[in-house]
**Q** 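Quick one: this structure, given as structure tokens, is what I'll be asking you about.
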Amino acid sequence: MTTETTKPEHFIRKILREDLESSKVNKIVTRFPPEPNGFLHIGHAKSICLNFGMAQEFGGECHLRFDDTNPEKESEEYVQSIKSDVSWLGFQWAGEERYASNYFDQLYSWAIELIEKGLAYVCDLTPEQAREYRGTLKEPGVNSPYRDRSIEENLDLFKRMTDGEFDEGAKVLRAKIDMASPNMNMRDPIIYRIRKVAHHQTGDKWCIYPMYDFTHGLSDAIEGITHSICTLEFEDHRPLYDWFIANVTAPAVPRQYEFARLNVNYTVTSKRKLKRLVDENVVSSWDDPRMPTISGMRRRGFTPTSIRNFCEMIGVTRQDSVVDVAMLEYAIRDDLDKNAPRAFCVLDPLPIEITNFDEDAVETLTLAGHPNRDDLATRSVPFTRHIMIDRADFREEANKKYKRLVLGKEVRLRGGYVIRADEVIKDADGRIEKILCTYDAETLGQNPTDGRKVKGVIHWVSATHGKQAEVRLYDRLFNEEAPDRGDVDFLEKLNPESLQVVKGAYIEPSLCEAAPEQRFQFEREGYFVADRFDHATDAPVFNKTIGLRDSWAKIENS
RNA sequence: UGGGGUGUCGCCAAGUGGUAAGGCAACGGGUUUUGAUCCCGUCAUGCGUAGGUUCGAGUCCUACCACCCCAGCCA
């Protein structure tokens, strides 16, 4: 930990600070309100970090509340995955998780209250008719013919809706506000609709379910939420949010604030598009490491810290924006560079025989777990006559820019000796089968004593003591910055090389002890994680999280 | 003239009348047994456009332009 840094004061932070200073509130209470109808993604992470983060920062609390008012689309499975994702990100909600459905009884009596005040009525318009009566963006709507039913009739009809006397769609309860309002949300919005389906939390108790606008603000009021933070598209709903709270005997007056949702280039986050990726088998599942879901990123090897840092880095404003995915990549590299132990893995093995090293000898080298941290455990790496290096690290001839092994030249084996390539052995097709090398026994931990300069360093793994592993190399899913822009379907913009599976990679023996989800830097390659589900000691599987920054690629391609 | 929002560097983003923070990216250079990390440096006479007010404007005023959201019995 370095010295405490003051985080930049975005507008939400400013509002909270001022409300506390002016004693408008004496404790910050926020909430993260997902609908349990899908998996959480990076966009939700921004909201989670904001809501939980602010509460934490100001000594308040944040509730996890499921906005479960549409049982047809929701399920307990999603509830579980959401809870697990929020916890994994490192946040704890105050008390038990809550459900809007916990408040159905209270909400119901408030609906009755609205009817009794002449502020709500039962409407028989069909969905099609309702649409026509609603008007358009530029033309006012027309009052429903059912708008002036008596309070007694409304009470009776609403009761009968509750008792299941009417079919789905036959009747709804609407707030009586203003059909001519320029804000479509105020044109007598629906409060309750009939849905004869079981609810994942309340079972068969109800056949009418409240709508979002009615439920959300009042649930906030019930929970004593002080600041209800949501995304920009709900801005037009704020007058309605306030209306319900003002016209019902609400126990508190929460305020809604809106911020811009997160967009990331080369990425899609709409639920519908993510679902298509899964349904059309573009990816293997919702937690495929290429998915921007929290569970996908977890499997990819992202750390909770890196995601939290990323969310802090991008800020919170009301401007629509598209964050460069390079910032996300920076966040994970930054965390892993500081914390991931180093190890060797040869992805594309090329056999090396060190002709002046004994066939049966095994020299155990002790290597640092991290170049800049001595608190991380060292590891034992066996050095033997037969080793593997990466094919990309050898050339028969090369210019001076190429700092690796070249025929007739020397290179250092990282953490080990300097070797010289003496001879190339090829098969009948001219493919290199093996390199014969000699090592300089005087170069362990020091430069050649005669002053020879060896500038290149490459990684390696003992061919006899190393183990074979499956390594899944992931890259971005899309080739285009804005996959969901334009007329072309986003599935046409897929990166065909977003996954490459390497079966015969060589890993140093110590990596077999890796636990699932343990992260490493494979030196000179990138950051990798032992797969959460598929990795086993006798069948190691690693996922590439992100490569190292690669300035060589720029030189080579220029 | 439907309503509601937003426009500051390639991408995020500070700034709220006193002379354009920071991060990412990019580009130079240094250190380095990871072409990594780290370190140093460069990177907006300019803040959507045009006028205006002012000693002084990204910040105030006026007009315009561009983009986003809203017509689910979804959230």
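Every chain is numbered from 1, with letters handed out A, B, ... down the list of sequences.
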**Q** Between C1' on B:G2 and CE on A:Met186, what's the gap in Å once rounded to a whole number?
**A**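 So the two atoms are 16 Å apart, to the nearest Å.
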
**Q** Look at A:Glu329 together with A:Arg476 and state whether they make a salt bridge at an N to O cut-off of under 4.0 Å.
**A**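 Yes, charged N to carboxylate O under 4.0 Å.
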
**Q** Take nucleotides 66-75 of chain B nucleotide by nucleotide from the 5' end and write B, S or -, depending on whether a protein heavy atom sits under 4.0 Å from the base, only from the sugar-phosphate, or from neither.
**A** --SBBBSBSB

**Q** Counting the atoms with a prime plus P, OP1 and OP2 as sugar-phosphate, which does A:Phe259 contact under 4.0 Å by heavy atoms, base, sugar-phosphate, or nothing?
**A**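 The residue A:Phe259 makes no contact with any strand.
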
**Q** As a test of reading the structure: which of B:G35, B:G4, B:A14 is closest to the side chain of A:Thr317, going by heavy atoms?
**A**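 Given the options B:G35, B:G4, B:A14, the side chain of A:Thr317 is closest to B:A14.
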
**Q** Evaluate the ring planes of A:His237 and A:Tyr212, with Trp represented by its six-membered ring, and classify them as parallel (under 30°), tilted (30 to 60°) or perpendicular (over 60°).
**A**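 The arrangement is perpendicular - the two ring planes meet at more than 60°.
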
**Q** Measure the distance from CG on A:Asn309 to C1' on B:G22 and round it to the nearest whole Å.
**A**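 Distance check: A:Asn309 CG to B:G22 C1' gives 15 Å.
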
**Q** Under 3.5 Å for both donor-acceptor distances, Watson-Crick or wobble: does B:G58 have a partner, and if so which one?
**A**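 Because no pair has both required distances under 3.5 Å, B:G58 counts as unpaired.
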
**Q** Hunt down the Watson-Crick or G-U wobble partner of B:U49, both distances under 3.5 Å, from any strand shown, or write none.
**A**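 By the stated definition (distances under 3.5 Å), B:A63 pairs with B:U49.
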
**Q** Please state how far atom CG in A:Asp334 lies from atom C1' in B:U37, giving the value in whole angstrom units.
**A**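 Rounding to the nearest Å, CG of A:Asp334 and C1' of B:U37 are 10 Å apart.
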
**Q** Distance-only, no hydrogens or angles: does the A:Lys401 side chain make a donor-acceptor pair with backbone N or O of A:Glu556 under 3.5 Å?
**A**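 No, the answer is negative, given that no donor and acceptor are paired below the 3.5 Å cut-off.
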
**Q** Relative to the ring of A:Phe39, is the ring of A:Tyr78 parallel (under 30°), tilted (30 to 60°) or perpendicular (over 60°)?
**A**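 If you compare the ring of A:Tyr78 with that of A:Phe39, the planes turn out perpendicular.
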
**Q** Please give the distance between the C1' atoms of B:G5 and B:U45 as a whole number of Å.
**A**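 Between the two C1' atoms, the distance is 31 Å.
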
**Q** Taking the nucleotide of RNA chain B with the closest heavy atom to each, which residue, A:Val316 or A:Phe522, is nearer the 5' end?
**A**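 Looking at the nearest nucleotide for each, A:Val316 comes out on the 5' side.
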
**Q** How far, in whole Å, is B:G17 from B:G23 if one measures between their C1' atoms?
**A**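 After rounding to an integer number of Å, I get 28 Å for this pair.
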
**Q** Between B:G2 and B:C9, how far apart are the two C1' atoms, rounded to whole Å?
**A**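 Approximately 36 Å lies between the C1' atom of B:G2 and that of B:C9.
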
**Q** Using atom P in both nucleotides, what's the gap between B:A50 and B:G46 to the nearest angstrom?
**A**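 After rounding to an integer number of Å, I get 11 Å for this pair.
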
**Q** Indicate the ring-plane relationship of A:Phe66 and A:Tyr99, choosing parallel, tilted or perpendicular according to the 30° and 60° boundaries.
**A**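 A:Phe66 and A:Tyr99: parallel rings.
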
**Q** Less than 4.0 angstrom from a charged side-chain N to a carboxylate O is my criterion; do A:Arg31 and A:Glu223 meet it?
**A**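 Not counted as a salt bridge, because no side-chain N and carboxylate O are separated by less than 4.0 Å.
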
**Q** Would you call the rings of A:Phe383 and A:Tyr417 parallel, tilted or perpendicular, taking 30° and 60° as the class edges?
**A**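 Plane angle between 30° and 60°, so tilted.
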
**Q** Counting the atoms with a prime plus P, OP1 and OP2 as sugar-phosphate, which does A:Ser181 contact under 4.0 Å by heavy atoms, base, sugar-phosphate, or nothing?
**A**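 Nothing: the residue A:Ser181, judged by heavy atoms under 4.0 Å, touches no strand.
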
**Q** Whole-Å distance between B:U34 C1' and A:Arg404 CZ?
**A**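 Atom CZ in A:Arg404 sits about 11 Å away from atom C1' in B:U34.
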
**Q** May I ask you to say whether A:Arg13 pairs ionically with A:Glu57, meaning some side-chain N is under 4.0 Å from a carboxylate O?
**A**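 Judged by the 4.0 Å cut-off on N to carboxylate O distance, A:Arg13 and A:Glu57 do form a salt bridge.
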
**Q** Between atom CE in A:Met313 and atom C1' in B:A13, what is the gap in whole Å?
**A**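 Taking CE of A:Met313 and C1' of B:A13, I get 12 Å after rounding.
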
**Q** Is the shortest side-chain N to carboxylate O distance from A:Asp163 to A:Lys159 below 4.0 Å?
**A**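 The answer is yes: the pair qualifies as a salt bridge.
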
**Q** Just checking A:Pro140: base, sugar-phosphate only, or nothing, at a heavy-atom cut-off of under 4.0 Å?
**A**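 The answer is nothing, as A:Pro140 stays clear of every strand by at least 4.0 Å.
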
**Q** Could you classify B:G72 for me, syn or anti, using a glycosidic angle within 90° of 0 as syn?
**A**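 Here the answer is syn: the torsion falls within 90° of 0.
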
**Q** Just call it for A:Thr443: base, sugar-phosphate, or nothing, with non-hydrogen atoms closer than 4.0 Å on any strand.
**A**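 Base contact - A:Thr443 has a heavy atom under 4.0 Å of at least one base atom.
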
**Q** Mind calculating the distance between CH2 (A:Trp460) and C1' (B:U33) to the nearest angstrom?
**A**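 Checked: the CH2 to C1' distance equals 13 Å.
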
**Q** Between A:Gly456 and A:Arg238, who's closer to the 5' end of RNA chain B by nearest nucleotide?
**A**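 Comparing both residues, the 5'-ward one is A:Arg238.
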
**Q** Do the side chains of A:Arg519 and A:Asp335 get close enough for a salt bridge, i.e. N-O under 4.0 angstrom?
**A**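 Result for this pair is no, no salt bridge flagged.
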
**Q** I'd like the C1' distance from B:C65 over to B:C74, given in whole Å.
**A**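 It works out to 35 Å between them.
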
**Q** How close or far is atom P of B:U34 from atom CG of A:Leu336, stated in whole angstroms?
**A**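 The answer, rounded to whole Å, is 19 Å.
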
**Q** Please work out if A:Gly141 contacts a base, only the sugar-phosphate, or nothing of the nucleic acid, heavy-atom cut-off 4.0 Å.
**A**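 Nothing, no heavy atom under 4.0 Å.
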
**Q** Closer than 4.0 Å, any side-chain N/O of A:Gln319 to the OP1 or OP2 of B:A13?
**A**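 Yes, A:Gln319 has a side-chain N/O under 4.0 Å of OP1/OP2 on B:A13.
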
**Q** Can you tell me, in whole Å, how much space there is between the C1' of B:A44 and that of B:C39?
**A**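 Straight-line distance between the two C1' atoms is 26 Å.
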
**Q** What's A:Gln521 touching, base or sugar-phosphate or nothing? Going by heavy atoms closer than 4.0 Å.
**A**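 Base contact.
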
**Q** Where along nucleotides 25-30 of chain B does protein come under 4.0 Å, by heavy atom, of base (B) or sugar-phosphate alone (S), with - for untouched nucleotides?
**A** -SS---

**Q** Using Watson-Crick or G-U wobble geometry with both distances under 3.5 Å, which nucleotide pairs with B:C43?
**A**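 B:C43 is unpaired by these criteria.
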
**Q** Classify the nucleic acid contact of A:Val322 as base, sugar-phosphate or nothing, counting any heavy atom under 4.0 Å across all strands shown.
**A**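 Contact class for A:Val322: sugar-phosphate only.
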
**Q** State whether A:Tyr209 and A:Arg195 meet the cation-pi test: NZ (Lys) or CZ (Arg) under 6.0 Å from the six-membered ring centroid, and within 45° of the perpendicular axis.
**A**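 Judged by the rule, A:Arg195 and A:Tyr209 form no cation-pi pair.
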
**Q** Any donor-acceptor pair under 3.5 Å between the side chain of A:Arg412 and the base of B:U33?
**A**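 Under the 3.5 Å cut-off, the side chain and the base do form a donor-acceptor pair.
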
**Q** With rounding to the closest Å, how many angstrom separate the C1' atoms on B:U59 and B:G15?
**A**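 That atom pair is separated by 8 Å.
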
**Q** With a 4.0 Å cut-off, would you call A:Arg342 and A:Asp337 a salt bridge?
**A**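 Salt bridge present between A:Arg342 and A:Asp337.
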
**Q** If you look at every strand shown and take non-hydrogen atoms under 4.0 Å, does A:Gln446 touch a base, only sugar-phosphate, or nothing?
**A**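 Counting heavy atoms under 4.0 Å across all strands, the contact made by A:Gln446 includes a base.
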
**Q** Go ahead and name the base partner of B:C24; Watson-Crick or wobble counts if both distances stay under 3.5 Å, otherwise write none.
**A**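 Its partner is B:G10.
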
**Q** When the C1' atoms of B:A14 and B:U8 are compared, how many Å lie between them, rounded to an integer?
**A**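 Comparing C1' positions in B:U8 and B:A14 gives a spacing of 10 Å.
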
**Q** Check the distance between B:C24's C1' and A:Tyr266's OH and give it to me in whole angstrom.
**A**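 About 14 Å, once rounded to whole Å.
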
